[in-house]
Amino acid sequence: TTFNWTNSNTLIGIGANGVGNIPSWVPLNNTAANIVGTITVTPVVTTNGVSCSGAPITFTITILPAPKAMCKNFTLNLDASGNGTLNPNDINNGSVGGTLTISRSLFNCGNIGANNVTLTVTDVCGQTNTCVAVVTVADNLPPIMSCPLGVVEALAPGECTKAVAFNPPTAKDNCELGFTPAVITT
């Protein structure tokens, strides 16, 4: 008995046809779409010069895209509480082949500036591919300042100096604000 086989799509990684065993191969799909091929195997028995073909068996092979991570940089603005959450799609730039995960998603005031975040694409077979995006954490919310009312203090005749008391200004910000009240003397 011999086996004749045909392949409908050589992009799956093996030839168009052959006789005997189908060769082993390592499928690779570097496209963004599935590659599908149909292999039909027909047994042929030859006795005394007479060949008889058996019923063909058909196999459909689907090769999923290999995971390929493609990143883009992203600016993450902190909220009024000084926190920000990054989602995988924020740094994804058209990755294919699986599920997206990121190395870090939560940021706060201590992360202001450039931060490297790894995007990983994992396929159903556990194969992975990664890329690194720069996530710039920004605090674009202005602080809220409150200044005391103006104080007018007149010097009495013969006075050269006078102590003035006033409430210091206050400031609130989603990220810590270094504030040092000043002392004014006249």
- With N29, which residues qualify under side-chain hydrogen bond (donor to acceptor under 3.5 Å, both in side chains), at least two apart? T31

- Query: Under 3.5 Å, is there a donor-acceptor pair between the side chain of N87 and the main chain of N89?
  - Reply: no

- Item | Under 3.5 Å donor-acceptor, D173 side chain and I144 backbone | no

- Query: So, for A133 and K72, which heavy atoms are closest and what is the spacing to 0.1 Å?
  - Reply: CB-O, 3.3 Å

- Heavy-atom pair with the smallest gap, counting every atom of W5 and V19: NE1-N, 3.8 Å

Is any side-chain heavy atom of [X] less than 4.5 Å from a side-chain heavy atom of [Y]?
X   : Y    : result
N17 : N4   : no
P65 : N34  : yes
D79 : N174 : no

- Task: Please name all residues satisfying side chain to side chain contact (heavy atoms under 4.5 Å, CB included) with I57, sequence neighbours left out, ordered by chain then number.
- Result: F59

- Any luck finding a side-chain donor-acceptor pair between N111 and R104 under 3.5 Å? yes

- Verdict with supporting geometry, N83 and N108, side chain to side chain donor-acceptor pair (under 3.5 Å): CA-CA 4 Å; N83 297 305; N108 59 38; 5.0 Å; no

- Criterion side chain to side chain contact (heavy atoms under 4.5 Å, CB included) against T128, the qualifying member of T99, T120, T101: T120

- If you link I, L, V, M, F, W and Y whenever their side-chain heavy atoms are under 4.5 Å apart, who else ends up in the same group as L76? F74, L78, L86, I91, L100, I102, F107, I112, V117, L119, V121, V135, V137

- Task: Flag yes if more than 12 heavy atoms outside N21 fall under 6.0 Å of its CG atom; otherwise flag no.
- Result: no

